[in-house]
Novice: 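Pasting in a structure now, in structure tokens, and then I'll have a few things to ask.
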Amino acid sequence: ITATARVRSGIPYVSVNYAYATGVKASSAYGTATVANDGSIAAIASGEGAIVGARGIQASGTYVSVTNAEGASIDATGEVDVFGGGFATGIEANGIYGVAVVNDGDIDVYGHAHAYGTHYGAGRAVGIYAAAGYFGNVSVVNTGDISAVALGEDSVSWAQGGAGATGVEAYAKYDATIVNAGDIAAVAQAQFGIASSYGAIVHGKYSSSIANEAGSHILSEATVGSSD
């Protein structure tokens with residue numbers, strides 16, 4: 001499954017163009033939204049001067065279950081060529097009472113943007129975002145490989161650009177759990193501005209738990225530097 005969206009530049013100071021691509025979307029207003037990927041999913045959103053966003057899988061419901069099987073892949077790329085925002089997420093899962101995400105395969109996410117003149121350029125990449133912020137619990141289990149890379153280039157001031165990368169984020173009203181038995185890498189690089197990265201984030205009102213199993217790896221790297 002491949003979804004692509006591309007847009008040209010908007011008019012500076014007048015209009016902004018947008019492009020959004022989603023590989024698979026599943027929603028259920030009153031029941032369970034389930035996505036099981038045993039193949040390959042790719043979402044590519046791009047533009048010249050624009051704000052673009054790519055999601056490999058987007059799922060929402062009362063309960064949400066997302067599985068990326070061993071040997072399966074999810075790729076999400078958000079990239080702008082001239083200026084704007086390049087944002088991408090591999091799996092985005094939002095539930096009311098509960099969310100469960102299992103990744104046994106590969107997730108590669110890339111967000112890349114340029115700044116131009118006085119126009120900003122910001123890149124954002126998230127491997128897995130899972131949230132049940134109203135009533136529920138969240139569980140994310142990773143035995144595969146997750147890579148989230150964000151780049152922001154060509155900015156000339158600290159407020160004009162930046163980059164942010166997150167491998168896995170779990171947010172729950174009640175209990176939030178992340179178990180990693182694979183590899184997670186989050187890398188953010190900005191030429192100027194603010195760069196931040198998180199390998200794994202877990203936030204639960206009543207309990208938060210991250211387990212990084214023996215032999216597994218979580219990498220978080222953020223760098224920023226102005227050109228000469």
Side-chain angles (χ1 to χ4, degrees), residues 22-37 41 43 53-70 72 74 76 78 87-109 111 124-148 150 164-188 196-214 216-220 222:
T22 301
V24 172
K25 181 175 181 178
S27 62
S28 176
Y30 300 107
T32 299
T34 301
V35 179
N37 179 43
I41 297 172
R55 296 181 181 92
I57 294 174
Q58 182 182 22
S60 62
T62 305
Y63 294 92
V64 174
S65 173
V66 178
T67 302
N68 190 45
E70 183 178 0
I74 299 171
F87 310 126
T89 302
I91 296 174
E92 180 183 294
N94 291 280
I96 297 175
Y97 295 111
V99 174
V101 178
V102 177
N103 176 54
D104 296 320
D106 296 325
I107 299 175
D108 290 305
V109 184
R124 174 72 172 162
V126 179
I128 296 173
Y129 175 78
Y134 188 58
F135 279 126
N137 303 316
V138 171
S139 169
V140 179
V141 177
N142 176 57
T143 66
D145 295 326
I146 299 173
S147 172
T166 301
V168 178
E169 181 173 359
Y171 175 81
K173 177 68 173 182
Y174 297 142
D175 303 320
T177 303
I178 295 174
V179 177
N180 180 50
D183 294 320
I184 299 172
V187 177
S196 65
S197 72
Y198 299 89
I201 303 172
V202 62
H203 178 85
K205 182 176 182 180
Y206 295 112
S207 70
S208 300
S209 172
I210 296 179
N212 192 43
E213 303 291 348
S216 304
H217 303 89
I218 298 176
L219 169 68
S220 175

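This one's a predicted model, so the numbers in the text were calculated from it and none came from an experiment. Side-chain atoms are counted along with the backbone in the values below, which use heavy atoms only and exclude waters and symmetry mates.
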Novice: Quick one: closest heavy-atom pair of Y171 and G133, and the distance?
Specialist: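 Smallest heavy-atom distance, with atoms named: CE2-CA, 3.6 Å.
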Novice: Identify the heavy atoms of A148 and T166 that sit nearest to each other, and give their distance.
Specialist: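 Scanning both residues, the minimum pair turns out to be CB-O, 3.5 Å.
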Novice: Using distance alone, with no hydrogens and no angle criterion, decide if S197 and S220 have a side-chain donor and acceptor under 3.5 Å apart.
Specialist: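 Per modelled atom types, S197 and S220 side chains form a pair under 3.5 Å.
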Novice: Would you mind writing out the side-chain donor-acceptor pairs for residues 96-108 within the sub-3.5 Å range, not counting sequence neighbours?
Specialist:
{"from": "N103", "atom 1": "OD1", "to": "N68", "atom 2": "ND2", "distance (Å)": "2.9"}
{"from": "N103", "atom 1": "OD1", "to": "G105", "atom 2": "N", "distance (Å)": "3.2"}
{"from": "N103", "atom 1": "ND2", "to": "G105", "atom 2": "O", "distance (Å)": "3.4"}
{"from": "N103", "atom 1": "ND2", "to": "N142", "atom 2": "OD1", "distance (Å)": "2.7"}
{"from": "D104", "atom 1": "OD1", "to": "T143", "atom 2": "OG1", "distance (Å)": "2.4"}

Novice: Measure up the Y174 and F135 rings against each other and bin them: parallel (under 30°), tilted (30 to 60°), perpendicular (over 60°).
Specialist: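 Tilted, since the angle between the ring planes falls between 30° and 60°.
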Novice: Give the minimum heavy-atom separation between S60 and A33, together with the two atoms involved.
Specialist: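 What the structure gives for the nearest pair is O-CB, 3.3 Å.
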Novice: Report the C-alpha distance between N180 and V168 in whole Å, list the side-chain angles of each, state the deciding distance to 0.1 Å, and finish with yes or no for side chain to side chain contact (heavy atoms under 4.5 Å, CB included).
Specialist: CA-CA 10 Å; N180 180 50; V168 178; over 6 Å; no
Novice: Using the salt bridge (Lys or Arg N to Asp or Glu O under 4.0 Å) criterion, which residues pair with R124? Sequence neighbours excluded.
Specialist: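 For R124 there are no salt bridge (Lys or Arg N to Asp or Glu O under 4.0 Å) partners, ignoring immediate neighbours.
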Novice: Just verifying a value: how many Å separate N94 CG and S27 OG, rounded to the nearest 0.5 Å?
Specialist: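 Going from CG on N94 over to OG on S27, the span is 11.5 Å.
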Novice: Name all residues meeting the side chain to side chain donor-acceptor pair (under 3.5 Å) criterion together with N137; count only those two or more places apart in sequence or in a different chain, and write none if there are none.
Specialist: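 Expected list: none.
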Novice: H217 and side-chain contact (heavy atoms from CB on, under 4.5 Å): which single residue from D183, N212, I184, D145 fits?
Specialist: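 Only one of D183, N212, I184, D145 forms a side-chain contact (heavy atoms from CB on, under 4.5 Å) with H217, namely D183.
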Novice: List the atom of G23, the atom of A43, and the distance in Å for their closest heavy-atom pair.
Specialist: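 Reported closest heavy-atom pair: N-CB, 3.8 Å.
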Novice: Apply the test side chain to side chain contact (heavy atoms under 4.5 Å, CB included) to residues I146 and I128: give CA-CA distance (whole Å), side-chain angles for both, the deciding distance (0.1 Å), then the verdict.
Specialist: CA-CA 8 Å; I146 299 173; I128 296 173; 3.7 Å; yes
Novice: Closest heavy-atom contact between T62 and A29?
Specialist: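 Heavy-atom minimum between the residues: OG1-O, 3.5 Å.
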Novice: Under the side-chain contact (heavy atoms from CB on, under 4.5 Å) rule, collect the residues that match up with Y30, sequence neighbours excluded.
Specialist: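 Applying side-chain contact (heavy atoms from CB on, under 4.5 Å) to Y30 gives none.
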Novice: For atom CD of E213, decide whether the heavy atoms of other residues, nucleotides or ligands shown that lie under 6.0 angstrom number more than 12.
Specialist: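 Atom CD in E213 is crowded, with more than 12 foreign heavy atoms closer than 6.0 Å.
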Novice: What pair of heavy atoms forms the shortest contact from A172 to G136, and how long is it?
Specialist: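 Nearest heavy atoms, A172 then G136: CB-O, 3.6 Å.
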Novice: To the closest 0.5 Å, what do you measure between CD1 (I74) and CD1 (I57)?
Specialist: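 Between atom CD1 of I74 and atom CD1 of I57 there are 3.5 Å.
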Novice: I'd like to check the salt bridge (Lys or Arg N to Asp or Glu O under 4.0 Å) partners of E92; sequence neighbours left out, ordered by chain and number.
Specialist: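 In terms of salt bridge (Lys or Arg N to Asp or Glu O under 4.0 Å), with neighbours along the sequence ignored, E92 is linked to R55.
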Novice: Holding to side-chain contact (heavy atoms from CB on, under 4.5 Å), I want the full list of residues that pass it with T34, two or more places apart in sequence or in another chain.
Specialist: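 For T34, the residues satisfying side-chain contact (heavy atoms from CB on, under 4.5 Å) (neighbours in sequence not counted) are T32, S65.
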